[in-house]
Amino acid sequence: MKHFLAIVALLCSHFSAFAFAEVDTLTEEDPYVILMGEADSAIVRQDWIEAAARLQDALHVKPNHPSNVLLLNNLAAVYSNMDEDSLSLATYDRALEIAPSMLTIVTGRARQLLKMRRDYEAFDAFAHAIDIDSTCIEARFYHGMMALYGGNQAIAEADFAVLQRLVPGSIDTAIAYSSLFSLTGRDRDAIPYLRFLTENDPQAEYFAQLAGCYLQLGDLNSASDIIGRGLELFPDDPELFYYRAWLNRDRYLMDAARADAQRAIELGASPQRVAALFAN
């Protein structure tokens, strides 16, 4: 609670030039603060309906308080978790009317646009966040990934270079560069980043991507090792079975390859993509 009150004090100082109708000193006994604490507790419990109600109550108690920008930001995130996407975006817009350059709100709104598959608007919103703070890691990551998958490699590499400079050992940087190198056929360069991801953020997709890089390079032993490790953790992942089918095919173990191929299809892999393994 004291942490929240300190943030409120900073906001009051920051927004003093706007001459809000209510800029008062808050105490722990203030209903506004109590409601905010109840909202925080509900958020921790992931009780989104309760959290939204308490945040709305707090906004009604002090409709002109400068710290409402924090409440609106939290409320927008709560609405997003409730899949009330239009309400979430509208709430972010309300917050931006109060603080048009507050980075937390700009990036939150950009993520919401991305969730709503309004990709062009999301891309521009992340670009706006970068204009506000060129070192914003979150904005650089999303902006760069969207540029990469949108076919603009130059923008992606510029964004990723900032990640490499500021947070070289982060998960985001590893995801960015492993994606960049994999998509541009630089499998050998992607491997260190994918190995880092399998060790520090083990996900089925990272094991599968790493296996694919090894197979492209003809390193069957390393591919076998990483597929085996991946299947121990994710025994029902279709991509890992797809790559094991590829591995067994390249080892001329055709019965095993076809069994893995069938299992990959059963788990949801594309039948056409799997069939292409045996096209020749």
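Counting from 1, the numbers follow the sequence of the chain as shown.
Among the candidates Arg111, Arg117, Lys115, Arg118, the single residue satisfying the salt bridge (charged side-chain N to carboxylate O under 4.0 Å, His left out) test with Asp85 is Lys115.
Between Tyr32 and Asn68 there is a side-chain heavy-atom pair separated by less than 4.5 Å. By the 4.5 Å heavy-atom criterion applied to side chains, Leu148 and Phe160 are counted as neighbours. In this structure, Met146 and Ile155 have side chains that are not in contact, with every pair of non-hydrogen atoms separated by 4.5 Å or more. Residues Ser134 and Arg140 have side chains in contact (heavy-atom distance under 4.5 Å, counting atoms from C-beta outward). For the pair Tyr214/Ile227, no side-chain contact is recorded, criterion being any heavy-atom separation below 4.5 Å from C-beta on. The shortest side-chain heavy-atom distance between Leu247 and Asp260 does not fall under the 4.5 Å cut-off. For the pair Ile226 and Leu194, the minimum side-chain heavy-atom distance is 4.5 Å or more. Looking only at side-chain heavy atoms (C-beta outward), Phe126 and Val106 stay at 4.5 Å or farther from each other.
The hydrophobic cluster containing Leu113 also includes Leu89, Met116, under a criterion of side-chain heavy atoms closer than 4.5 Å among ILVMFWY residues, counted directly or through chains of members.
Classification of the Tyr177-Phe181 ring pair by plane angle, with boundaries at 30° and 60°, yields tilted.
For Tyr92, the ring pair (Phe, Tyr, Trp, His ring centres under 6.0 Å) criterion is met by no residue, not counting sequence neighbours.
Considering CG of Leu71 and CE of Met36, their distance stands at 4.5 Å, rounded to 0.5 Å. Considering CG of Asp133 and CD1 of Ile137, their distance stands at 8.5 Å, rounded to 0.5 Å. Atoms CG and CG, on Asp47 and Asn81 in that order, are 12.0 Å from each other to the nearest 0.5 Å. We find the CD-CG distance between Gln262 and Leu267 to be 10.0 Å, quoted to the nearest 0.5 Å. Summarising the geometry, atom CG belonging to Leu163 is positioned 11.0 Å from atom OG1 belonging to Thr135; distances are rounded to the nearest 0.5 Å.
For the pair Arg263 and Asp237, the salt-bridge criterion is not met [side-chain N within less than 4.0 Å of a carboxylate O]. The pair Arg229-Glu199 does not count as a salt bridge, with every side-chain nitrogen at least 4.0 angstrom from each carboxylate oxygen. Under the 4.0 Å criterion applied to side-chain N and carboxylate O atoms, Asp40 and Arg54 are not assigned as salt-bridge partners.
A donor-acceptor pair is defined here as one N or O able to donate and one able to accept, closer than 3.5 Å; such a pair exists between the side chain of Ser88 and the backbone of Ala76. A distance-only check finds a donor-acceptor pair linking the side chain of Thr198 to the backbone of Arg195 [under 3.5 Å].
A donor and an acceptor atom, one from each side chain of Asp172 and Tyr142, are nowhere located under 3.5 Å apart.
Geometrically, Arg258 engages Phe278 in a cation-pi contact, judged by NZ or CZ lying under 6.0 Å from the ring centre and within 45° of the ring axis.
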Salt bridge (charged side-chain N to carboxylate O under 4.0 Å, His left out) between Glu50 and Arg45, worked out: CA-CA 10 Å; Glu50 174 70 12; Arg45 300 193 308 272; 5.1 Å; no
In residues 200-211, what donor-acceptor pairs under 3.5 Å come from side-chain atoms, sequence neighbours left out?
{"residue": "Asn200", "atom": "ND2", "partner": "Phe196", "partner atom": "O", "Å": "2.8"}
{"residue": "Asp201", "atom": "OD1", "partner": "Gln203", "partner atom": "NE2", "Å": "3.3"}

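Annotation for Arg94: atom CZ does not count as buried by contact number, only 12 or fewer foreign heavy atoms lying within 6.0 Å. Heavy atoms of other residues, nucleotides or ligands lying less than 6.0 angstrom from CZ of Arg273 number more than 12.
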